[in-house]
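These notes are about the structure you will find just below.
As a basis for the values below, the full set of heavy atoms in this structure was taken, side chains included, without hydrogen atoms, waters or symmetry mates.
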Amino acid sequence: MNNTTYFHDKSCGHPKGGVAAKMPVRDFPSMGCREKGELLQSMWQEYHVRPGLSVSVFDAFSDEDFSFHYRKENSFVDFGFFLEGDFVNDMRDTPIGSLKVNNRAGTGGIGFFRHMSGTVSIPAGKKTRIVHMHVLPDVLFSMLDEDAGCAPSCLRRTLEQKGAADFSVQRRLSPKVQAAANELFFGVRNNFGVRLYMEGKALELLGLTLADGDCPMQRSAHSLCPRERDVIHVIRKELEDRFTSPPTLAELAENHHMGVHKIQAGFKELYGVSVFGFIKEYKLQKAKMYFEEGDMNVSEVAWAIGYTNLSHFSTAYRKRFGVLPKAYLKSIRATTYNHMARVS
């Protein structure tokens with residue numbers, strides 16, 4: 001059985017941040033079906049960070065295939081971070097034509113559409129967690145200031161209000177971006193009430209996302225050719241999928257018909273780290289995410305990310321984050337307990 005509902009997105013408003021800056025991004029009461037509207041609303045939470053900048057999180061699990069249709073009139077640049085699960089967004093009636101995007105955990109996107117409609121389909125039996133950030137173009141342009149040159153060219157055109165402003169780009173999320181998105185997700189979902197913390201996390205995520213993009217100032221004079229870039233992206237995906245027991249450099253070189261030196265150089269150029277550095281960072285960011293979720297103890301987290309020696313894990317975690325994993329987990333649980341005590 002397919003559970004389908006509808007909503008109208010009213011994220012349009014005054015271009016300088018008047019109406020749109022504070023009105024909700026999703027308008028559930030206009031969906032027409034009260035029960036289904038309440039169901040979707042229970043999955044969706046919003047947090048107003050500052051005028052012109054809002055965060056929404058989607059946290060869903062259904063025993064049935066679930067879908068919803070939407071219509072959207074928009075003034076915001078949307079940044080999406082897909083943290084868990086997978087779903088299909090069949091976008092129609094956009095200024096750049098029809099798009100069908102398969103969103104999976106570990107991917108994200110940036111887009112701006114003045115209007116669109118479509119259908120989101122979520123498969124049964126899978127948990128889905130998503131963070132979206134909604135920023136008015138003039139607000140983002142003001143925040144970026146001299147760093148605007150590091151934004152993707154399609155986003156720069158929108159920020160500068162030049163022609164062909166509508167766009168959509170998809171990309172893999174770096175471990176740092178995934179970790180920051182997870183922290184913001186749980187901050188919103190757990191109703192963490194310290195505004196300074198929430199605004200800091202939102203700005204951190206925006207900054208990391210744009211720094212992770214294709215900044216022309218960060219490109220090497222000896223850039224990879226398109227085919228080599230594609231191979232490096234495939235290797236990265238393989239490392240992420242097999243991060244608990246990753247293949248060796250020799251195995252990667254043989255399987256992908258690319259020399260070890262070229263693989264290392266490719267990772268340095270595209271991601272700024274060596275292959276080993278990428279795997280280590282990915283593991284530790286995964287550990288941080290698991291601690292934020294609060295369902296596992298330190299030993300369980302260590303095993304889950306591929307560490308068989310707890311002491312080695314603790315040393316690596318402390319070196320990376322400046323605190324032992326046991327102390328970090330304790331602080332997370334204490335913060336959650338104190339917050340629940342305040343709101344109860």
Side-chain angles (χ1 to χ4, degrees), residues 45 47 55-60 78-87 89 101-111 126-135 152 169-190 192 197-198 200-215 232-244 246 267 270-296 301-302 304-307 313 316-317 320-321 323 325 328-329 332:
Q45 283 181 259
Y47 186 89
V55 177
S56 61
V57 302
F58 186 67
D59 187 5
D78 290 324
F79 294 76
F81 309 88
F82 309 109
L83 305 176
E84 189 172 355
D86 59 80
F87 67 93
N89 188 0
V101 181
N102 294 306
N103 296 297
R104 295 183 174 85
T107 64
I110 308 173
K126 289 187 177 181
K127 187 173 178 62
T128 302
R129 295 191 301 115
I130 311 164
V131 176
H132 275 99
M133 300 190 68
H134 317 277
V135 196
V169 293
Q170 304 298 120
R171 62 178 65 178
R172 298 288 302 176
L173 302 179
S174 72
K176 290 182 180 180
V177 171
Q178 289 187 60
N182 266 286
E183 290 179 349
L184 186 57
F185 175 92
F186 288 112
V188 175
R189 200 59 172 149
N190 296 331
F192 192 81
Y197 171 87
M198 295 298 295
K201 286 299 176 185
L203 296 179
E204 176 190 13
L205 181 55
L206 269 179
L208 287 172
T209 301
L210 294 173
D212 203 36
D214 289 327
C215 175
I232 296 298
H233 288 314
V234 170
I235 291 174
R236 169 186 168 155
K237 178 64 167 58
E238 181 178 348
L239 292 174
E240 290 176 344
D241 291 342
R242 300 175 57 188
F243 75 94
T244 58
F267 266 73
L270 295 183
Y271 310 122
V273 293
S274 66
V275 173
F276 175 78
F278 177 86
I279 296 169
K280 185 176 182 180
E281 177 70 11
Y282 190 82
K283 284 185 174 187
L284 293 174
Q285 294 290 355
K286 276 283 188 181
K288 196 168 187 283
M289 182 192 77
Y290 290 147
F291 288 139
E292 293 283 345
E293 291 176 347
D295 296 328
M296 294 188 286
V301 169
I305 65 170
Y307 275 85
F313 169 62
Y317 195 92
R320 174 62 181 84
F321 299 112
V323 61
Y328 184 74
L329 179 58
I332 290 294

- request: Measure the spacing between CG of Leu206 and CD1 of Ile110 and express it to the nearest 0.5 Å.
  value: 9.0 Å
- line: Distance col, row Lys127:NZ vs Asp59:CG, nearest 0.5 angstrom, shows 3.5 Å
query: Any salt bridge between Glu204 and Lys201, counting N to O under 4.0 Å?
result: yes
query: Between CZ of Arg320 and CD of Glu281, what distance do you get to the nearest 0.5 Å?
result: 4.0 Å
field: Closest approach of Val177 to Leu205 (non-hydrogen atoms, all atoms of both residues)
entry: O-CD1, 3.7 Å
field: Spacing of Leu208 atom CG and Gln178 atom CD [to the nearest 0.5 Å]
entry: 12.0 Å
- request: Identify the residue among Ile130, Val55, Val131 that makes a side chain to side chain contact (heavy atoms under 4.5 Å, CB included) with Phe185.
  value: Val131
query: Do Phe87 and Phe82 have ring centroids that are under 6.0 Å from one another?
result: yes
message: How close do Pro246 and Ile279 get, counting heavy atoms only, and between which atoms?
response: CB-CD1, 3.8 Å
Pair up each side-chain donor or acceptor in residues 289-296 with any protein partner under 3.5 Å, not counting sequence neighbours, and list the distances.
residue, atom, partner, partner atom, Å
Glu292, OE2, Tyr328, OH, 2.4
Glu293, OE2, Arg129, NH2, 3.3

message: For the NZ atom of Lys237 and the CZ atom of Arg172, what is their distance to the nearest 0.5 Å?
response: 5.5 Å
- request: Begin from the C-alpha positions of Leu184 and Tyr47 and carry the test side chain to side chain contact (heavy atoms under 4.5 Å, CB included) through to its verdict.
  value: CA-CA 10 Å; Leu184 186 57; Tyr47 186 89; over 6 Å; no
message: Atom CZ of residue position Phe276 - does it have more than 12 heavy atoms of other residues, nucleotides or ligands inside 6.0 Å?
response: no
Partners passing ring pair (Phe, Tyr, Trp, His ring centres under 6.0 Å) against Phe79 (at least two apart in sequence or in another chain): none
query: Please walk me through it: do Lys283 and Tyr307 pass side chain to side chain contact (heavy atoms under 4.5 Å, CB included)?
result: CA-CA 9 Å; Lys283 284 185 174 187; Tyr307 275 85; 4.2 Å; yes
query: Distance-only, no hydrogens or angles: does the Gln285 side chain make a donor-acceptor pair with backbone N or O of Ala179 under 3.5 Å?
result: no
Side chain to side chain donor-acceptor pair (under 3.5 Å) against Lys280, all qualifying residues, sequence neighbours excluded: none
